[in-house]
Amino acid sequence: MIKLNITSIFLFIFLNISFAFSQQKNINVENPVEYFNKRTEAISLAKSERWKESIIILESLTEQNQDDGDLFYLLGLSYYQTEQYKNAITALKKTLDLGGTILTGIPTGSAPSNDIMIKIAEAYAEDGDKDNALLWLRKGFEARYDEKPFIKGSSAFKSFNEDANFLALFGNDTQKDITREEAWSRDITYLEKRINELRYSSDAISKTDLSKEIIGIKTKIASLSDEQIIFKIIKLFGALGSGHNFILPTSPNKGALKKLPVQFYQFNDGLFIVDAEEGFEQWIGYKVDLIESTPVKEALQKTNAVNARDNDMQILWLGPYYLGLPDVLEGLGIIKNANQVTITLSDKEGKSEKVTMNPVAWQFTGMPILPKLKTGNQPLFLSKKEDNYWLKTLPEHNAMYIQFNVVQQKEELTLLDFNLKLRENIKKSNTQNLILDLRFNSGGDGSIFPPMLKTLIEFEVINPKGKIFVLISRETFSAAQNLLTEITKFTNPILVGEPSGSKPSFIGEAGWFQLPYSGLMGIVASQYHQTYKAEDHRNWIAPHIPVSLSSTDYFTGNDEAMNCIMEIIKTSEIKNKD
């Protein structure tokens with residue numbers, strides 16, 4: 001046994017030495033400093049879309065070093081943009097052989113390996129090689145490519161639009177004049193395929209059980225309305241788990257769900273109407289006691305059947321959203337008829353009144369958020385919710401308030417430039433308290449938030465006695481959750497508010513699908529995010545100072561979480577003087 005172990009060790013060492021020598025053969029850089037300068041120049045040229053100039057440098061660099069996936073990626077994109085498709089294919093395949101790239105910010109390119117596979121498919125298509133184009137499309141889809149519904153619009157595949165094999169990849173076929181039942185059956189069959197293509201894990205519901213659910217829906221198509229089929233699909237997605245599994249209920253050509261003409265929000269003292277369509281504004285501020293005969297607390301729990309979620313904070317966030325969809329209410333057994341809903345409301349004095357509402361058509365434009373107040377001055381945290389990111393100096397508290405509402409760039413001011421200005425403002429004002437508000441941030445493009453993280457790290461290094469406060473809530477989700485986790489890992493913030501809407505480690509991203517006949521669209525959670533320790537199994541990141549919002553505070557414009565922060569700042573200043 002000992003001899004076997006020693007032999008194994010020597011074999012392992014020999015193989016690794018051989019690998020090391022083979023890697024040395026791939027590198028022939030005579031002047032490393034010049035190589036680095038040329039590499040930097042090539043990246044800059046590609047970012048400026050000066051493709052022909054970048055090719056000259058990149059060809060030289062990749063001859064010197066065949067181990068840098070970034071360079072082959074840039075070379076492949078450059079070849080593609082100059083219509084050298086065969087060369088593009090070779091370079092991009094080499095990129096995949098090297099494990100891909102994480103290089104970002106390159107026009108027309110996208111770093112994930114599945115995106116590179118699709119780019120290879122486009123190059124084959126442009127070069128007139130349909131078979132290989134379809135082969136690489138399949139590879140990309142099997143690798144959980146997330147923009148599949150939008151591929152058909154790519155100019156690279158314009159000659160494929162009538163091709164049966166191409167259309168079959170998207171659930172279409174050439175058969176026409178099919179019945180409603182056949183159309184829905186094919187949609188649901190394609191839905192199962194796309195779920196299995198995209199989803200990262202089958203822990204919530206196994207592939208076998210998913211298939212059983214799919215069959216169950218298909219057998220009932222004839223007896224269900226279009227809206228009831230949509231509900232069945234929403235309920236199916238509830239069983240998938242993970243908050244990134246979601247159906248866009250207004251997307252189908254037939255069966256688009258309507259909503260009640262009011263918006264609900266769950267405060268710490270109950271469910272209230274916070275917004276309303278024209279003609280129903282008088283009910284804003286009223287508490288909801290019953291939906292038909294079902295108490296609100298019970299109705300909210302029933303939404304768990306359709307609410308795929310990362311943790312229970314999403315019950316508070318998205319539960320009220322589902323309570324506003326009559327077809328969902330009917331499907332959950334909360335009401336009997338989706339065409340008319342009676343809810344029991346109570347005013348500030350506790351006087352009850354029954355109100356009957358008819359559903360209205362609407363267009364889904366994003367996840368529900370707490371709206372601005374309808375009257376009076378807006379409190380700071382509600383004043384500029386439509387702005388991606390903004391700041392306000394609070395000199396009386398020696399503080400800087402930053403509200404980060406969505407992880408997306410602004411055309412007029414990138415997040416990097418915003419943070420560069422923010423850092424200058426912090427230095428000039430000698431700010432000792434930094435307040436980052438993530439309460440309305442439900443995510444976006446997680447690749448762009450590092451400048452914000454670096455600002456907080458720099459602040460803590462320069463101001464060791466300063467304080468970082470981070471406001472969080474049920475809506476702090478996805479990319480915002482990733483940012484929050486990174487902040488807690490690299491700085492020592494004081495967290496204020498509610499537990500976050502996701503976990504430090506979660507299944508995120510969002511792979512799109514569109515059903516070919518009904519047009520129903522949705523997203524499937526497709527990538528695992530581990531932003532902290534492997535053994536981190538927390539359901540959320542909990543606040544150090546728990547503060548939840550009451551209806552009274554909201555409607556009077558009082559921000560109790562900010563009040564707590566100001567009290568801590570004031571107390572600290574008094575202690576420092578003593």
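Bear in mind the structure is a predicted one, so any value in this text is a computation, not a measurement.
Taking the six-membered ring for Trp and thresholds of 30 and 60 degrees, F506 and H244 have nearly parallel ring planes, at less than 30 degrees apart. Ring pair F555/F267 is tilted by interplanar angle, where 30° to 60° counts as tilted.
At a cut-off of 3.5 Å, with distance as the only test, a side-chain donor of S551 or D269 sits close to an acceptor on the other residue. T414 and D417 form a side-chain donor-acceptor contact under 3.5 Å, judged by distance and modelled atom types alone. With hydrogens and angles left out, the side-chain atoms of N558 and D553 include a donor and acceptor closer than 3.5 Å. With 3.5 Å as the limit, one finds no donor-acceptor pair spanning the side chains of D115 and Y145. Donor-acceptor pairing under 3.5 Å is recorded for the side chains of T455 and N419. Side-chain contact check for D70 and T101: at least one donor-acceptor pair (N or O, by modelled atom type) lies under 3.5 Å. Between Q481 and S500, the side chains place a donor N or O and an acceptor N or O closer than 3.5 Å (distance only, hydrogens not considered). For the 3.5 Å distance criterion, the side chains of T356 and T342 qualify, holding a donor opposite an acceptor. N463 and E460 share no side-chain donor-acceptor pair at under 3.5 Å. Residues T571 and E567 bring no donor and acceptor atom of their side chains to less than 3.5 Å of each other.
By the 4.0 Å N-to-carboxylate-O rule, K421 lies too far from E424 to be salt-bridged with it. A salt bridge links K489 with E486: at least one charged nitrogen is closer than 4.0 Å to a carboxylate oxygen.
No cation-pi contact links K392 to Y401, judged by a cut-off of 6.0 Å to the six-membered ring centre and 45° from its axis. With a 6.0 Å cutoff to the six-membered ring centre and a 45° limit on the axis angle, K148 does not count as a cation-pi contact of F513.
Residues passing the side-chain hydrogen bond (donor to acceptor under 3.5 Å, both in side chains) test with E498, sequence neighbours excluded: R474.
In this structure, F469 and L434 have side chains that are not in contact, with every pair of non-hydrogen atoms separated by 4.5 Å or more. With contacts defined as side-chain heavy-atom distances shorter than 4.5 Å, the pair N304/D312 does not qualify. A 4.5 Å side-chain heavy-atom check between K503 and S505 finds every atom pair outside the cut-off.
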### Message
For D146 and S526: C-alpha separation, side-chain torsions, deciding distance, then whether side-chain hydrogen bond (donor to acceptor under 3.5 Å, both in side chains) applies.
### Response
CA-CA 8 Å; D146 54 11; S526 60; 5.4 Å; no
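Checked against a 6.0 Å centroid threshold, the rings of Y286 and W283 count as neighbours.
Between the side chain of T431 and the backbone N or O of N433 there is no donor-acceptor pair closer than 3.5 Å.
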